[in-house]
Structures are given as C-alpha cells and as structure tokens.
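A quick write-up on the structure given underneath.
Every chain is numbered from 1 and lettered A, B, ... according to where its sequence line falls, protein lines coming before strand lines.
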Number of protein chains: 2
Amino acid sequence: MISQPTKANVLLVGSGGVGTMGAYALETGGKAEVTAVLRSNYEVVTKQGFFIDSIEHGNGIEGWKPTTLCNKVPNVAEEGLKPFDFIVVTTKNVADVKPTADEVIEPAVTPGHSVIVLVQNGLNIEKPILAKFPSNIVLSGVSLIGATETAHGKIRHDDNDSVKIGPYKSPNVSQEDSEAAAKKFVEIYNACGKVDAQFDANVPYTRWRKLIYNSSFNSVATILRMDTTRMRISEHVIDNLIRPAMLEIKATAKAAGIELPEDIAEVMIRVDPKDTFFKPSMCQDIEKGNYIEFENIVGEPMREAERLGVSTPVLKTMYGILKGLQWKTMEAKGLVVPKWHEESLYG
Amino acid sequence: MISQPTKANVLLVGSGGVGTMGAYALETGGKAEVTAVLRSNYEVVTKQGFFIDSIEHGNGIEGWKPTTLCNKVPNVAEEGLKPFDFIVVTTKNVADVKPTADEVIEPAVTPGHSVIVLVQNGLNIEKPILAKFPSNIVLSGVSLIGATETAHGKIRHDDNDSVKIGPYKSPNVSQEDSEAAAKKFVEIYNACGKVDAQFDANVPYTRWRKLIYNSSFNSVATILRMDTTRMRISEHVIDNLIRPAMLEIKATAKAAGIELPEDIAEVMIRVDPKDTFFKPSMCQDIEKGNYIEFENIVGEPMREAERLGVSTPVLKTMYGILKGLQWKTMEAKGLVVPKWHEESLYG
C-alpha cells in the first residue's frame, strides 16, 4: 500500500473570480482540500456548482464544487473542526467599512497554526491581521489573474493565473517558518501544473510595484469612470493625473527603501492591452454600487509618504475625492445619513 | 410735450435664468430696449412668451417678451441694424469648445461703440474679448442671482438679483469712459427699482472673491456630483478638498495683489443655506450632459498661480479630473473619438 500524504486543509474566504480559480487550482492539484466560503452565490453554487470558462483549465467546466461549501466563515473551535492549515483571503479589502478582513476570518483562525494568505490589493493590508493574530504566519500575495464572476456561480477566467506569494515579516514568527510556509503554499498551488505561482522573496517590492498601477489607474478610473485605453488616447489624463500619481508612488517607495526601475511609470502607462478598454477593479466596483478599497490603495501609500516626508499632493487630492465617493456609497447603503448633528463643524 | 430720452439698445446673449431676469429688469426699468438671442427656447418663447415666478418682480408673470427676439446673434453691419449700445453676455463660458464667447458675439459688435458686458463665471474671461475688440469698452460683472430656466421659457427666480458691474482695464479705452459706461449700465439696470445692481470699482477683487467659492465647491460638486450640504455634513470633503482648494485660490489672489479677508475660507465654507442641498452650476451642467466651464473656473487660476510661482496642487489635480470629465462629454457629443491615431503618445 502506498501511503497517501494528508492534503492541506485550506479555507478560502472570498469566492469570486480570483478566489474560485484559486480553489480550482488547489483542488485539481490534489494537494489541498478546499472549504470555500460563499456569500451571494451560495444558493446557486450549492445546487449547480460553478460553471467555468478558463484560459488555463479549459472551457465549459460544469458543476464544479470545492470539497466543502459554507455560507459563512466557520468557527473552528465551536464547531470542533480540523484546524485550517491555510486561510486564503481573496475578498476586497475595504478597511473603512466593518467587518474588516481580520474580523471576518477570526472564527476560522487557529492561533499558532493557520497560515493566513492575503491575496488582496494595496499597502499594509497585513498590519491588522498581524496585530490580531500575532502567533500566526502571514503570507502576502499579489495576483495578476484575469478572472471575473459574470453571474452567480459563472466564472470567466481570461488571463493567466500568475500569483506571487511571500512571507510578511512578523516579530513573533521565524523568517524560516514563514518562508517554508510560503514555499509550501506555492507548491500546493502549482501542483495542478497549469498556473504560475511563484515564491516571492521580496513582497514589499512586488506590492509597491503593483501600487504604481493601482494608485494611479485604479483611482483615476474610479473618479472618471473611464477605461485605461481612453485615458491613453486622451493623453492629458495620463499627463495630468496618471504619471504624476505614479511618480509620487515611486518616490514614496524609494523613501521606504524600495528602488523601482527608472522607467517604471512609462512601462506601467502602457501595460494594459491597447484595445480592451479595460476598467480597473475599483472602477468596476463603483459602477456596481460596491464599496471601493481606496484606503489601502491610496490612503496607506499617502500616509506612508507623510510618515517618510514625501510630498504626494496628487494622491492626497484623489484620496479626498475617493473618500467623498465612498461617503455617497455609504449613504446609499444606509451607513451614513445626510443630516446635521449637534457636533457638526460646518453647520 | 415732454421729451422722451432714447432708450439704450441692448443685446442679450444667453437667455436662460440669469439672462432673462436681466432682460426683464432692463425692460421694465424703461431705460432699455432688449433684443434677446434665444436658442433652445426660441420656438416656445416666440409663441407664448416667458412664464416667470420671481421673488423680486412677482409670481405668475405670463407671456412676457423682451422687445425683440431672435434665434441667432444678429449681424449688425450686414442687416443694417442700429448699433447695440450694450451687449450683455450671460452664456456659459466654455473656453475649450468652439464657438467661444468672442466668436459668438462678433457679428453684433460695432467697433468703438458697443459696450460689452460679461456676466459670467471665472477668471480672465475678458482677455479674448479685449483681444478681438480692442476699441470697445469691456465691463466685467459678477451676478449672485438665483434664477433657473426649469423648462423652455419657464423661469424660477428664487434668490435676489444682486449684480456688480465694473470696468475691465483696457490699454485702448480711457478709464473714465469705462467707468461712465459701467455706471450708465448700473443705472439702466436699477431703473426697475427691484434689483440690486452696484458699480464695482474693483472688479479683480470681486472675481477672486467669487473664485474662492467656485474653484472649490463648483469643482468638487462636479467631480463628486454632490451638493454643498452633504459636503459640509461629511466634514472630510471640506477638510480634504474644499478648504485646501480655497486656500490655494487665496494665496494666488494675494500673489496677484488681491488681499482677501483672513477668514474668507471659513466664511465661504458656510455661505450656502444649510438645508437646501444646493448643487453648484457646474454640477448641474455635468448632470445635464452639458459642457462644464472648468477652464475659467479652475484652469485660469491654476495658470495664473503658475505664472506667479504659487503652488496649487489641489487645483491642478482637480483640473486634470475636470478635463477628463469634459473629454467624456466631448466624446458623447462626437467632438473627440476614442480611437488611436498615428501620433498617439501612449499607444
């Protein structure tokens, strides 16, 4: 009898496009068993499974389900569940709206055991996680996949799954353990043989590099509700907004010790395909009436710049605008009310 | 027989809310005869006249018409018309879209005779007029009226007509003649006894003062599509955007020799009534799909600041955003096309 090694017990929080394709890669690789937390698509997927058209795994995949489905984050202690080895978080990171990511995953985290893998946008998303779970390994991931849930349970995966995962420095866990955990996760993710997961020895570099794109294109797209192709065709949107924002991020990264390539702005300006009229994620969010994750994409780099004495007026102004837009969404969802109160400063 | 002094021959270009109430004041004062140029409301007004509810002239005014109506700016020379003594321009000033105000009024201007009265928003709106009509007196006016055309030919005038008119400095006409013309216009405007027209000895001060409000509230309202009450209730929109923009305008005015009151920003922040949820004009324009007059409200102060060595990063960023929004309106109206061309810098 050949001994069958135990599969990694993985919890996936956030089963939209990116998360579901991650679950698919992990399950089909045979080295992980995935429990997926579903929200709006729970009913449909429980009944019919996912329908997937994937550039890497094939089109017309019907009725696929991860090993376990649940409609909320399980409480491991209370439900007497086997501890999760990895908790992969692929939800949006909306730091200014409760519950935040650390609150969401709390019931599922086994202290000292579960490795928390954050595959999300923005800067310093790891800090509140580290603060709440100081004995857990935190991994930081940047995903470049193109994957969208076009309807509940229907996934279109049209650009390669390329993800970089590395250890996030923590005072309470050893660097070796963190690196080993990152390499282990990369291994079980790559086991399907179809995707490109890489161990990332320099997570801060990768994050700042991606911020060059996100702080600029993502913010401006959200404010103007404009795709990146139109910005490039107009030229003045690039000259007045995109490049200045990129250069502010580059300068902030440099002050933080991260030297990005000299031509990074010019490269990133042209990084999207020319004729896709692509709208970055935050623009898609605002058009759907969803909250936007501007706090980690613009707010944190801006605060980091302030801390380091770097001037970022463009980011700062865009931050003010994005916060105003978020206020409108909060009003639409009943979180704030346009009424004067006793302490109003400007009444 | 009592001798009847000749009435001033006035052309009004732009017969929306502000313009029509101006025409009404001029005509009912008995010292002017108004020819009004109508566009979208020409058919309706020719047939039925204007319907006016006015806080100053009374409600339920029916079927009122100025002396002469026309559907385009008359060509005085070609049509052999009596020269216009005053040409009052109350159209939007959209400097980046043809035809510009100077081109619009050209056929009606009698060189050396017609006094051109600009009652419009923004900085340096007088410059192209002066350049094209160097021998004409140019007056600069700031209106504080609340008047809206709610449907073609239907005017709601719900806040007092208070207008300041003064001479705009020109190298080719004497200051005395300009002042006399301004006082004459104020006199014929006030003749109805209902409105508050004032001679303005310091036009630049008045314009910079109004820019404090317009460059900030008007721009932010347009970008966020938010009324000024919500901005004040949120507080952070005031703190992050409105006040910083106001202080940039104040600093620029100072560099230009205009000393605004120390507390001008705090006063202007609270200037709108608390519970009207008022959307400034440029926001109303963008919501109607109209072009916005951002070049004179933000672009010119920004360029003036650059010339004077004043740093205005908030205005600059907002300018970039407003230009991007204008590009979208231009696309919607067919003025620009989202296609790559041979010289595209970012293709």
Side-chain angles (χ1 to χ4, degrees), chain A residues 96 219-245 248 266 269-272 274-275 277 299 302 311-328 330-331 336-341 343-347, chain B residues 96 219-245 248 266 269-272 274-275 277 299 302 311-328 330-331 336-341 343-347:
Chain A
D96 54 332
S219 305
V220 176
T222 305
I223 294 168
L224 293 179
R225 305 202 178 194
M226 188 186 275
D227 56 73
T228 61
T229 307
R230 278 180 169 79
M231 292 186 211
R232 287 159 67 185
I233 289 173
S234 83
E235 293 178 6
H236 57 74
V237 175
I238 300 294
D239 294 337
N240 293 342
L241 300 167
I242 298 294
R243 184 184 292 107
E248 289 181 3
E266 298 313 312
I269 283 168
R270 294 164 180 83
V271 82
D272 282 330
K274 276 178 68 171
D275 290 305
F277 296 87
M302 177 191 82
S311 166
T312 57
V314 177
L315 291 181
K316 236 172 131 169
T317 306
M318 294 207 298
Y319 174 82
I321 292 167
L322 292 165
K323 197 171 165 84
L325 293 173
Q326 189 88 319
W327 197 88
K328 287 177 68 184
M330 286 180 171
E331 184 191 337
V336 295
V337 178
K339 289 229 182 285
W340 295 100
H341 50 87
E343 292 82 29
S344 284
L345 291 173
Y346 304 123
Chain B
D96 54 332
S219 304
V220 176
T222 305
I223 293 169
L224 293 180
R225 304 200 179 195
M226 188 186 275
D227 55 73
T228 61
T229 307
R230 279 182 169 78
M231 291 184 213
R232 286 159 67 184
I233 289 173
S234 83
E235 294 178 5
H236 57 74
V237 175
I238 300 294
D239 294 336
N240 292 342
L241 300 168
I242 298 295
R243 183 183 293 107
E248 288 181 2
E266 298 313 312
I269 284 168
R270 295 165 180 81
V271 82
D272 282 329
K274 276 180 69 171
D275 291 305
F277 296 87
M302 175 190 82
S311 167
T312 58
V314 177
L315 291 181
K316 236 171 131 170
T317 305
M318 294 206 299
Y319 174 82
I321 292 167
L322 292 165
K323 197 170 166 85
L325 293 173
Q326 189 88 318
W327 196 89
K328 286 177 68 184
M330 287 180 172
E331 184 191 337
V336 295
V337 178
K339 289 227 181 289
W340 295 100
H341 50 86
E343 293 81 29
S344 285
L345 291 173
Y346 303 124

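Side-chain atoms of A:Ser311 and A:Lys316, non-hydrogen and from C-beta on, never get closer than 4.5 Å to each other. In this structure, B:Glu331 and B:Pro338 have side chains that are in contact, with non-hydrogen atoms separated by less than 4.5 Å. Within the 4.5 Å cutoff, the side chain of A:Asp272 has heavy atoms near those of the A:Arg232 side chain.
Interface residue A:Arg230: backbone and side-chain heavy atoms are both found under 4.5 Å from chain B. At a 4.5 Å heavy-atom cutoff, the contact between A:Leu345 and chain B is made by backbone and side-chain atoms alike.
Listed options B:Thr229, B:Ile238, B:Leu325 were ranked by heavy-atom pairs under 4.5 angstrom with chain A; first place goes to B:Ile238. In terms of non-hydrogen atom pairs under 4.5 Å with chain A, the most contact-rich of B:Lys328, B:Met330, B:Glu235 is B:Glu235. For the set B:Val337, B:Asp275, B:Ile321, B:Asp239, the entry with the most heavy-atom pairs within less than 4.5 Å of chain A is B:Ile321. When B:Val220, B:Val237, B:Val314 are compared by the number of non-hydrogen pairs under 4.5 Å with chain A, B:Val314 comes out ahead. Annotation: maximal heavy-atom pairing with chain A below 4.5 Å, among B:Gly347, B:Pro244, B:Pro313, occurs at B:Gly347. Heavy-atom pairs under 4.5 Å with chain A peak, among B:Asp227, B:Leu241, B:Asn240, at B:Leu241.
To the nearest 0.5 angstrom, A:Leu224 atom CG is 13.0 Å from B:Lys323 atom NZ.
Summarising the geometry of B:Met318 relative to B:Ala245, their closest heavy-atom pair is CE-CB, 4.0 Å, with the distance given to 0.1 Å. Looking at every heavy atom in both residues, A:Tyr346 comes nearest to A:Trp340 through O-CH2, 3.3 Å.
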